[in-house]
Amino acid sequence: MKILCVAEKPSISKAVSHILSGGKTKVRNSRNKYVKNYDFKFDFPGVGLCDVTMTSVMGHITNIDFPTQFSWGRCNPGRLFDAPTIDNVSNKEVYENISNEARRCNRLMIWTDCDREGEFIGHEIFSAAVKGNPSLRVEDIWRSQFSHLERSHILQAARNPIRLDMNSVHAVRCRMEIDLRVGASFTRFLTDLYRRTQVFPLEKGGFISYGTCQFPTLGFVVDRYNRVKRFIPEKFWYISITVKKDNKTETFHWTKNHVFDRLYLALIYQNCLKNDNAEVVQLIERPTSKYRPLPLTTVELQKNCSMYFKMSAKRALDAAEKLYNKGFLSYPRTETDRFPPTMDLKAVIQKQTQNSTWGQYASELLNGKFRSPRAGSHDDKAHPPIHPVNFVKLEMLDNADEKKVYELVVRRFLACCSEDAKGKETKISLRWGAEEFTNSAIVVLERNFLDVYPYMTWKSTTPLPPLLKGETIKVASSVMKEGKTSPPQHMTESELIALMDANGIGTDATIAEHIDKIISRGYVVKVRKNKNDFIIPSELGMGLIEGFNDLEFDNLSLSKPFLRKRLENCLQEIVSGTKVKEQVVQEIIFLYKQAFGLSAQNSTKLIAACRRIMDANSST
DNA sequence: GCAAGGTC
């Protein structure tokens, strides 16, 4: 019996074949320099000792497109909603390697990531294999289930294969089709429109792209920009008092915060002033803690790098990827924020004890201070949280980005395995007349994880005066103050990542690319203000979003995340079996088609919005 | 020339 095993990426095929073979593999090259074919023997239950070849693809190997008679300029863009589609081989070397290797095999075993895209890639692998070996049948495919590369887990996966989940395959196929139809039709339509009317100077060969992810991303940026620009500060008033004891003066804050009616506040204040003293109505002393961080996901890594190092999401992921390829970090694209219970966390900590800066801390964890990491609620069932897998001295790394990312991942991991920081909070409430005023103070008692995690701060505040519950104290000073509401800030990259993540726009692997895309399309720019990077829309980006906002879509706006979210929900239903692919394609395409019709009918509005933005800008 | 999703 001969079995062909295929993983989603070269690193997995290498690791898995190493485990299954007990280190005894013969390596053959393929025509692709990254993809290797490993030959070894393995005893599959019920089948016996088999000759195994393990290889991999590199992500998708086929792609979907329109036939040439529907290529750019050859048909009305609106026809792309119903045009036929064709499958193309997008990575010929890798595709043919599968066909060749399948020729001599009786069985195919899929080792792609256990997520939706992985299931589809598994099916692509099957079609490549069938090309070389028509006797293979989809029902006979073995599909291994694994979520990390720990030895016993991989052996267990090899011995207990299940079948390919065709629901997931159909869901991905559905996403691909919708993304292509919507993206291509709107891109061609908008490009034609902007060209024809010359409302905006497009570079030669330049175009206006529309995508189901890039536009909601742009929409978030424009929305925030408008809220900042249209913000009108509002005046408010509040009372603030101070009391003095043992030569310590302390300010107490009004529990009602502030009011917007000055006369109303004056009335309250007058009533308070009838009293010379305030009474301590509450004195609470309680233990408090600052939680150690959750295990690290891709999105969190990108937000952190943007916040702490002003590093773009793309650069952060690139650096993490390089570190992964060199064997220093685990797989950097993961949504999982809980470590698998079987993982040997202490072995990971052990490797970091040799570092001169945090090695001592790592040793202390091993000598009794170790705590099990908190478990978040996300699990992509494919990859563990990002963690260091091997030790490397920072000075041995290639560039500043890699050093920063490696250090962050290590410190984050050590922090995860530490105790929360502990403190004591004191809260005092005073009643003055009918109003309450409060203040609190914190004493940090044990820093714990903070010692290894300098990115977070938690400091003791100045202690409150030694007041006792029930004590009456003279109000030393009081004042009625005026303030005004402050505008929101422009969008930071880390906020944008969080928004995309929360709204299901893009995946951990693509969020950075979508942001990069709207920058390279000229829809938004990054600006630095007070040492912070903000993302603000260009005139073109504003014009596009405002144009769509001017059209009266019934709740299916092209610049908002709702349609994409609806698609995502439908895809989930295909996976769970409550909807079929054809039904979803029809349902979602119908909505986008309606939106397309409305856009085409009202193209003058789209153009007018862009003109309006440009005129407004040139006049200021 | 268009999308978004894998991965290098």
Side-chain angles (χ1 to χ4, degrees), chain A residues 6-13 32-36 56-66 68 70-75 77-81 83 85 90-91 93-95 112-125 168-169 171-192 194-195 202-217 298 317-318 320-322 324-326 331-333 380 382-383 500 504-518 521 558 563-564 567-568 571 588-589 592:
Chain A
V6 188
E8 187 164 323
K9 42 187 161 279
S11 61
I12 300 283
S13 70
N32 181 289
K33 68 171 178 174
Y34 299 104
V35 171
K36 310 283 180 200
S56 78
V57 289
M58 287 194 294
H60 290 281
I61 50 175
T62 62
N63 202 359
I64 171 178
D65 207 346
F66 296 111
T68 45
F70 293 93
S71 54
W72 198 305
R74 297 224 188 149
C75 76
R79 289 194 60 196
L80 299 177
F81 288 108
T85 60
S90 55
N91 193 335
E93 284 173 356
V94 175
Y95 187 98
T112 49
D113 296 351
C114 290
D115 52 26
R116 223 162 56 195
E117 297 292 331
E119 221 62 24
F120 188 88
I121 293 168
H123 195 259
E124 291 177 76
I125 291 166
S168 295
V169 174
V172 171
R173 175 74 205 197
C174 178
R175 175 196 62 70
M176 291 173 123
E177 190 177 326
I178 290 169
D179 283 337
L180 173 68
R181 292 189 189 283
V182 175
S185 57
F186 275 98
T187 298
R188 293 183 196 177
F189 161 70
L190 286 171
T191 304
D192 287 351
Y194 271 60
R195 275 267 152 71
L202 283 182
E203 277 177 40
K204 196 161 182 265
F207 54 89
I208 309 276
S209 67
Y210 180 94
T212 55
C213 286
Q214 45 180 283
F215 256 61
T217 304
T298 309
L317 192 54
D318 283 352
E321 212 144 67
K322 291 220 178 79
Y324 160 70
N325 285 324
K326 291 186 224 170
Y331 189 64
R333 286 186 281 260
D380 64 18
H383 307 285
M500 294 172 72
I505 301 299
T507 67
D508 46 27
T510 61
I511 280 181
E513 285 176 33
H514 294 310
I515 298 176
D516 248 41
K517 182 153 277 173
I518 60 173
R521 293 282 189 261
L558 292 168
L563 260 176
R564 177 77 204 189
L567 169 60
E568 191 56 41
L571 296 180
I588 301 288
I589 288 296
Y592 275 110

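In what follows, chains carry the letters A, B, and so on, assigned in the order in which the sequence lines appear, proteins first and then strands, with residues in each chain numbered from 1. Please read all numbers here as calculations on a predicted model, not as lab measurements.
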Does a donor on one side chain and an acceptor on the other come within less than 3.5 Å for [X] and [Y]?
| X | Y | result |
| --- | --- | --- |
| A:R564 | A:T212 | yes |
| A:S168 | A:R116 | no |
| A:T68 | A:S71 | no |

Using a heavy-atom cut-off of under 4.0 Å over every strand shown, decide if [X] touches base, sugar-phosphate, or nothing.
| X | answer |
| --- | --- |
| A:F120 | nothing |
| A:D508 | nothing |
| A:G506 | sugar-phosphate |
| A:Y331 | sugar-phosphate |
| A:R116 | nothing |
| A:G183 | sugar-phosphate |
| A:R195 | base |
| A:R564 | sugar-phosphate |
| A:T507 | sugar-phosphate |
| A:D113 | sugar-phosphate |

Roughly, in whole Å, what's the span from [atom1] in [X] to [atom2] in [N]?
| X | N | atom1 | atom2 | answer |
| --- | --- | --- | --- | --- |
| A:F186 | B:dA3 | CZ | C1' | 13 Å |
| A:I518 | B:dA4 | CD1 | P | 11 Å |
| A:I121 | B:dC8 | CD1 | P | 11 Å |
| A:I61 | B:dG5 | CD1 | P | 19 Å |

So if I take every side-chain heavy atom of [X] and compare against [options], which nucleotide ends up nearest?
| X | options | answer |
| --- | --- | --- |
| A:R188 | B:dT7, B:dC2, B:dG5 | B:dC2 |
| A:M58 | B:dA3, B:dC8, B:dT7 | B:dC8 |
| A:D179 | B:dA4, B:dG6, B:dC8 | B:dA4 |

Planes under 30° and centres closer than 5.5 Å, is that true for A:W72 with the base of B:dG1? yes

Within the pair A:R74 and B:dC2, is there a side-chain N or O less than 4.0 Å away from OP1 or OP2? no

Check this for me: does any side-chain nitrogen of one of A:E177 and A:R181 sit under 4.0 Å from a carboxylate oxygen of the other? yes

For a 4.5 angstrom cut-off between non-hydrogen side-chain atoms, does A:Y324 reach A:R333? no

Assess whether one donor atom and one acceptor atom, taken from the side chain of A:D318 and the base of B:dC8, lie less than 3.5 Å apart. no

